[in-house]
Amino acid sequence: MGLPNAGKSSLFNALTGGSATVAAHPFSTTETNVGVAEVADHRLRALAELSQSRKVVPATVEFVDIAALVAGAATGEGLGNRFLGGIREVDAMVLVLRAFEDANVVGGTDPLSDLHTLELELVLADVATLEAQLDKRRKAAKADKSLGTEVAALEKAMVELEAGTPVYRSALAAEDRELLRPFFLLTNKPVLAVVNLGEDQLADADALVKPVQEEFGGAADVLGMSVQLEAEAAQLAPDERAELLEGLGLGEGALPRVVGAAYHLLGLRTFLTTGDKESRAWTFRSGARAPECAGVIHTDLQRGFIRAEVIRWEELVEIGSWQKAKEAGRIRVEGKDYEVQDGDVLEIRFNV
Ligand SMILES: Nc1nc2c(ncn2[C@@H]2O[C@H](COP(=O)(O)OP(=O)(O)OP(=O)(O)O)[C@@H](O)[C@H]2O)c(=O)[nH]1
Ligand SMILES: [Mg+2]
């Protein structure tokens, strides 16, 4: 989300290969766009090569591009804030803050000012949500004492929000934030801020990103990138893209970092499966145990879970094949209590 012309749709398209409308006039997005970005993963590439897999399936993250917010959106300015309803159920937010200068694209170029405008609208939307809930929950808590901690968390959140502080950078404890989850507050989501730089500003990226970083004080991940440049690069064939980005000293570019940061922000981890038919990256929540991860592949694998055979991806690549690893006794056998780790390669034994 972001102010008009911040580059939200350009970023969305670059990430998802989508075709959301991009234009130099404000409010070019009037409908919510949903798309999927692939998570670049060198581990998956290495395993696919090892197994000569006919199919390679990366993990994905879904992105949603919404209409712009402006100051006063809560009271109907611009397109109002009804689009926020559509993102209540997303798991994290990407705030796009404009720094690039372009006389043909109306709008401010101070990312901190963008941030303050956005946060105020998000906070106002959350205050409205809490106002609608607080009395009801207080009444419910009178009848059911066990709801007392929930009401206390709601009240703490209200104090912060009324002081203009988004929950994600408030003093609320993790337990309180957990209790607030069912209320789908916008500012109770993890945040990634993208400072959209002009190509000519890339040399000063650090200086332009730093004030935003300081403002968040660690409450959000902050990335500086030139969305337009990355979007253009994304249109090119892979080798031309690599050449352009390398030539500008941008390495693989910022898009993989945006997807990777979003993935981590969501507390997501990857385990892998590999074979000649397919190598695949699977997504699980940090802390999940082997049966739950088996269930990500197929519910039958969870239902009939017997054991997981496990090896670290780098170990498998070093040994050269699952068969050899097995012969060398390097495949671990893990039971239902095993906490799967990011980068584990799994084979599930099951019986239904
Ligand atoms: N010069 C320059 N222009 C950019 C950059 N990023 C985006 N733009 C331009 O800014 C304009 C707005 O980009 P969009 O991606 O449509 O922005 P948006 O945030 O989706 O805008 P709305 O949907 O209208 O809120 C387009 O003309 C883009 O080409 C950039 O890094 N540099
Ligand atoms: Mg747009």
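We count ligands from 1, going down the list as the structure has it; atoms in each ligand are counted the same way.
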Under a heavy-atom criterion of less than 4.0 Å, does [X] contact ligand 1?
| X | value |
| --- | --- |
| Gly2 | no |
| Arg98 | no |
| Asn104 | no |

Handout entry: the Mg ion (ligand 2) reached by Thr29 (N, O or S, under 2.8 Å)
Key =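 Of the N, O and S atoms in Thr29, at least one lies under 2.8 Å from the Mg ion (ligand 2), which means yes.
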Problem - the Mg ion (ligand 2) contact by Ser9, N, O or S atom under 2.8 Å - result: yes
Give me the nearest non-hydrogen protein atom to [atom] as residue plus atom name, then the distance to 0.1 Å.
| atom | answer |
| --- | --- |
| atom 21 (O) of ligand 1 | Asn5 N, 3.1 Å |
| atom 12 (C) of ligand 1 | Ala23 O, 3.2 Å |
| atom 23 (O) of ligand 1 | Thr29 OG1, 2.8 Å |
| atom 13 (O) of ligand 1 | Ser10 OG, 3.6 Å |
| atom 2 (C) of ligand 1 | Phe100 CD1, 3.3 Å |
| atom 17 (O) of ligand 1 | Gly7 N, 3.2 Å |
| atom 19 (O) of ligand 1 | Lys8 NZ, 2.7 Å |
| atom 28 (C) of ligand 1 | Gln228 OE1, 3.5 Å |

Mark up the atoms of ligand 1 that fall under 4.0 Å of a heavy atom belonging to [X], in ascending order.
| X | result |
| --- | --- |
| His25 | 24 (O) |
| Ser9 | 15 (O), 18 (P), 20 (O) |
| Ser226 | 31 (O) |
| Leu197 | 31 (O) |
| Val105 | 10 (O), 11 (C) |
| Pro4 | 25 (O) |

Exercise for the section: Examine distances only and state if a side-chain atom of Arg289 and a backbone atom of Asp337 form a donor-acceptor pair shorter than 3.5 Å. Expected result: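 Pair found, side chain donor or acceptor close to backbone of Asp337.
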Hphob cluster co-occupancy, [X] + [Y], side-chain heavy atoms under 4.5 angstrom:
| X | Y | result |
| --- | --- | --- |
| Val195 | Leu115 | yes |
| Ile331 | Trp313 | yes |
| Met93 | Leu3 | yes |

NZ/NE/NH1/NH2 to OD/OE distance under 4.0 Å, [X] and [Y]:
| X | Y | result |
| --- | --- | --- |
| Asp342 | Arg43 | yes |
| Glu327 | Lys324 | no |
| Arg169 | Glu215 | yes |

Can you name the nearest heavy-atom pair linking [X] to [Y], along with the distance?
| X | Y | answer |
| --- | --- | --- |
| Glu309 | Trp322 | O-CH2, 3.7 Å |
| Ser10 | Val227 | CB-CG1, 3.5 Å |
| Ala153 | Leu172 | O-CD2, 4.2 Å |
| Asn33 | Thr29 | ND2-CG2, 4.0 Å |

Practice task
Among Leu192, Val258, Val191, find the residue that satisfies the side-chain contact (heavy atoms from CB on, under 4.5 Å) test when tested with Asp221.
Solution key: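 Answer after filtering Leu192, Val258, Val191: Leu192.
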Handout entry: Member of Val34, Asn13, Val94, Leu11 meeting the side-chain contact (heavy atoms from CB on, under 4.5 Å) criterion with Phe63
Key =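 Single pass found, and it is Val94.
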Counting heavy atoms only, which part of [X] comes closer than 4.0 Å to ligand 1: side chain, backbone, both or neither?
| X | answer |
| --- | --- |
| Glu199 | neither |
| Asp102 | side chain |
| Ala231 | neither |
| Asn196 | side chain |
| Val22 | both |

Practice task
Using only heavy-atom distances, determine whether the side chains of Asp41 and Tyr263 contain a donor-acceptor pair under 3.5 Å.
Solution key: no
Exercise for the section: Look at the aromatic rings of Phe271 and Trp282 and report parallel, tilted or perpendicular, splitting at 30° and 60°. Expected result: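 Phe271 and Trp282: parallel rings.
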Problem - Close N or O approach (Pro26, ligand 1; < 3.5 Å) - result: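 No: no nitrogen or oxygen of Pro26 is under 3.5 Å from one in ligand 1.
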